[in-house]
Amino acid sequence: MNLCVDIRKGSYYDSVALMLVTKEIKKMSGVTEVIVGMGTDLNKELAANLGLSDVRISGLTPNDFFIAASAREDFKAETIINRVDELLNREKPDNAGEIRVNTLGAAVRHLKGANMAVISLPGKYAAAEAARALQNGLHVMLFSDNVSVEEELELKKLGRDKGLLVMGPDCGTAIINHVPLCFANVVRKGSIGIVGASGTGTQEVSVLVDRLGGGVSQVIGTGGRDLKSQIGGIMMLEGFQALIDDPETKVIVLISKPPAPEVAEKILSLVKSANKPVVVDFIGGDRKQIERSGAFACISLEDAARKAVSLLNGKEAEDFEGFEKPETEISELVTKEVSRLGSGQKYLRALYTGGTLADEAMKLLGREGYGIYSNIPLTPEMKLPDIRKSVKHTCIDLGDDDFTLGKPHPMIDPSGRAERLVQEAGDEEIAVVLMDFVMGYGSNADPAGEMLPAIAEAKKLMKEKGKDICIVGYICGTDNDPQGCKAQKEKLEEAGVVLMPSNAQAVRFAGRLLDQLNNK
Amino acid sequence: MKAFCICEKLLIAIYNKEITSGSVHSVFSGACNIKTDKGMVTLLSGEKEMSPMSLVVEGPVDFKKLDLSRNMPVAFSPEAIAFGNSSPGIGLGDSRRWFPGVAAPIEKCPEKDLLKNLTVLERGIEAYCKHGGIGSIVGMLGVEMPELGLVTMEIYPEDKIVRFIKSRFLDFIHAVACGDTGSAADRAASVIGFGPGLTPSMDDFIGGIMVSLVYLAGYYDMEPERIYHFNRQLISGAPGKTTGISLEMLKHSAEGETNDAVRTLMLAVLGGSGEEDILDSLKRTVNIGETSGSDIILGLYVGLKILTNFKFRGEWINEPVCRHPERELL
């Protein structure tokens with residue numbers, strides 16, 4: 001082994017720089033051990049103990065800085081010295097003028113006029129910080145999960161009493177005063193207000209509103225648990241009332257999975273006082289109950305967006321349950337895709353990054369008689385025995401906690417889905433893969449591009465067996481999103497992905513493929 | 001540039017002409033140290049914590065952009081601090097004053113609340129402290145000295161570095177726990193200067209212990225001189241064993257003088273402030289340096305665990321051989 005020593009007498013570097021040097025030198029290929037520090041007696045003794053000392057080190061004073069590293073025989077000391085120089089002389093980013101704060105109190109003092117806190121901390125500590133924010137008069141968007149139900153209830157009661165929003169916990173999407181927060185899309189400003197207990201559900205509706213020529217006034221998130229009995233829909237009610245009172249909001253859309261019955265009653269009882277149209281998508285919820293309240297019920301998230309825009313334009317709000325493309329075109333496309341598949345291919349694998357979109361897919365396909373296994377099944381008997389192994393028709397929410405423990409969400413890092421896709425292609429019975437590509441702030445910079453190698457690999461694996469695979473996709477995004485929807489669309493279509501303009505239409509198309517394969 | 005806030009002791013030394021000149025010792029983005037006959041004077045950027053013998057300028061400043069070089073002469077007057085180049089000096093008029101020591105008497109909460117505050121501190125340590133400095137060694141301490149009742153920290157496999165320092169460190173802590181001045185001095189000398197950082201991690205930790213002993217002496221109405229004497233003995237072997245900057249820090253800490261974040265934290269723990277104040281000041285302290293703040297907090301914590309422990313406090317109070325030369329034997 002080679003001992004490499006770099007000594008800088010009478011030199012002083014701040015601790016952050018020293019820590020950086022230690023980390024970076026340790027990472028260098030060929031370096032096995034390193035000590036970085038001042039030449040105090042103990043540090044010199046430690047260096048000797050670690051076999052990292054020689055006469056140069058032993059002669060140091062406490063005010064001398066040294067680095068001693070053991071490395072491969074062929075490793076040159078200059079390599080380390082040059083790297084240390086690079087690190088220590090690195091220009092700091094020109095934010096020396098920025099005040100860096102590390103407490104909420106300091107942030108409030110420094111950012112006068114701040115009225116919102118976005119909190120993303122481990123759940124254990126998030127509730128306390130959220131409470132602190134509320135006490136400081138700030139609305140809260142609580143991105144964190146693993147906050148207890150009791151803490152959520154206390155926070156929302158406090159928020160309600162103070163007239164402040166508590167969006168969350170586990171709230172990933174909001175657009176407040178036209179400012180997208182966390183995972184959100186660049187959507188036209190307009191008159192449709194949305195309150196959603198679902199991240200990608202809210203994104204889907206806002207994106208489709210934009211695509212249909214409408215715009216949003218506010219998009220308020222409530223967190224996924226808000227409409228359960230224990231919480232009682234506190235923030236859905238607060239958000240709903242806020243939009244009722246907002247003169248800029250002309251149509252209101254409420255989105256959630258089916259609420260607890262008493263919570264649904266409370267929310268729907270507000271409809272009468274709204275004096276503006278209210279569209280309610282309790283995804284798969286009780287249509288009659290919604291209509292009795294005077295609100296407009298929906299059969300899909302797309303339907304909610306279409307109805308909202310129609311109502312805004314003074315038109316009838318009719319159910320949309322077909323395709324944008326003419327039926328003949330759809331039929332031809334179905335026939336063409338099916339013709340490429342081999343015998344025995346009959347199953348669907350839906351690999352979703354958005355949980356609500358996955359839920360909608362299962363409900364829509366369920367109405368057509370397909371039982372779908374899942375990690376978030378509609379009924380307990382359809383729970384996958386092993387969530388990492390698909391069975392028959394399977395729909396996976398890859399953003400669920402089981403898949404994201406210690407890993408980034410698949411909307412940020414699609415590599416987990418890429419691996420799963422290739423794995424699915426090992427099953428000769430699969431015919432259709434269904435995927436969402438969610439754009440916007442917070443999402444991966446190139447969701448389509450990240451999946452292309454896996455798509456090519458999956459198709460190659462099937463071709464080797466004399467089969468093929470039909471990939472149906474949906475891009476949840478707008479033309480103004482940072483990823484550039486047009487470019488994303490082109491990439492996917494070039495890779496042979498059949499794109500549909502909404503999740504509902506993509507699911508319906510997948511259903512048509514399955515119908516044909518199963519001779520329905 | 002104007003001074004926003006200045007340490008009272010520094011201002012008095014300037015007014016009394018005890019400090020009239022110095023030379024630049026070291027320059028960092030957020031700080032500049034000036035060597036004087038009365039010790040190190042530190043100029044700090046606006047967002048930094050007030051510290052003994054320092055001043056904080058108004059607003060954020062990058063001292064590295066002021067063309068200050070090592071050994072550059074610096075002149076001190078009641079009006080301003082002037083550098084020996086064309087850099088703008090620092091006006092001292094109208095600056096706020098800051099006292100570095102323990103403001104006596106300290107506000108005290110009932111002991112049962114102090115113990116509750118300790119659990120809040122423990123939660124804060126777990127959540128916010130960085131453990132890259134002294135953390136793994138204190139973690140080892142929690143296992144080897146269970147009588148201290150330290151919170152279980154994430155223990156990494158005992159590496160070569162922990163093994164190297166382990167027995168000396170345990171001996172040092174035993175001596176502090178018993179208030180044994182004579183052996184504590186020797187044992188401190190065997191660990192001072194250990195660890196990474198311009199102020200080595202062990203020194204920050206010892207600084208934290210000493211500050212906590214001073215504050216707890218006030219809380220428990222112990223004879224303050226005994227603690228000061230103990231602390232001064234503790235660091236009596238430090239010259240030559242650590243960096244000049246760290247030595248200054250140790251000397252201040254021995255007198256209970258520390259930066260504003262640490263002071264606020266101790267007062268919050270001892271004075272019945274709520275959880276919010278304790279965690280806020282803990283987070284302020286963590287933000288000091290890379291691991292310095294966390295190492296100081298761990299020192300405060302171990303000092304608190306020693307003296308809030310009735311058994312150890314009894315050793316301190318009843319030990320007739322506190323080695324105080326003028327104290328009558330009990």
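Residue numbering restarts at 1 for every chain, and letters A, B, ... go by the order of the sequence lines.
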Residue list, side chain to side chain donor-acceptor pair (under 3.5 Å) with A:T79, at least two apart or on another chain: none

B:L198 side chain near A:F65 side chain, heavy-atom distance below 4.5 Å: no

Contact check, side chains of B:T242 and A:M38, non-hydrogen atoms, under 4.5 Å: no

Heavy-atom side-chain contact between A:T40 and B:P200 under 4.5 Å: yes

Portion of B:F194 that has a non-hydrogen atom of chain A nearer than 4.5 angstrom: both

Test item: A:N63 side-chain N/O and B:G244 main-chain N/O as donor-acceptor pair under 3.5 Å: yes

Residues of residues 43-55 of chain A contacting chain B, heavy-atom criterion under 4.5 Å, by residue number: A:N43, A:E45, A:L46, A:N49, A:L50

Side chain / backbone / both / neither for B:S190 at chain A, heavy atoms under 4.5 Å: backbone

Heavy-atom pair count under 4.5 Å with chain A, highest-scoring of B:E275, B:M202, B:R168: B:R168

Neighbour count above 12 (heavy atom, 6.0 Å) for B:D37 CG: no

Over 12 foreign heavy atoms within 6.0 Å of CZ, A:R72: yes

Minimal non-hydrogen separation, B:G240 against A:P62, with atom names: O-CG, 3.3 Å

Portion of B:I192 that has a non-hydrogen atom of chain A nearer than 4.5 angstrom: backbone

Best-contacting candidate, B:N33, B:T199, B:V191, B:L279, against chain A by heavy atom pairs under 4.5 angstrom: B:V191

Selection from B:G30, B:S26, B:S246 maximising heavy-atom pairs under 4.5 Å formed with chain A: B:S26

Residue among B:T243, B:L247, B:I245 with most heavy-atom pairs under 4.5 Å to chain A: B:T243

Enclosure of A:K9 NZ (heavy-atom neighbours >12, cutoff 6.0 Å): yes

Within-4.5 Å side-chain heavy-atom neighbours: A:Q135 and B:E276: no

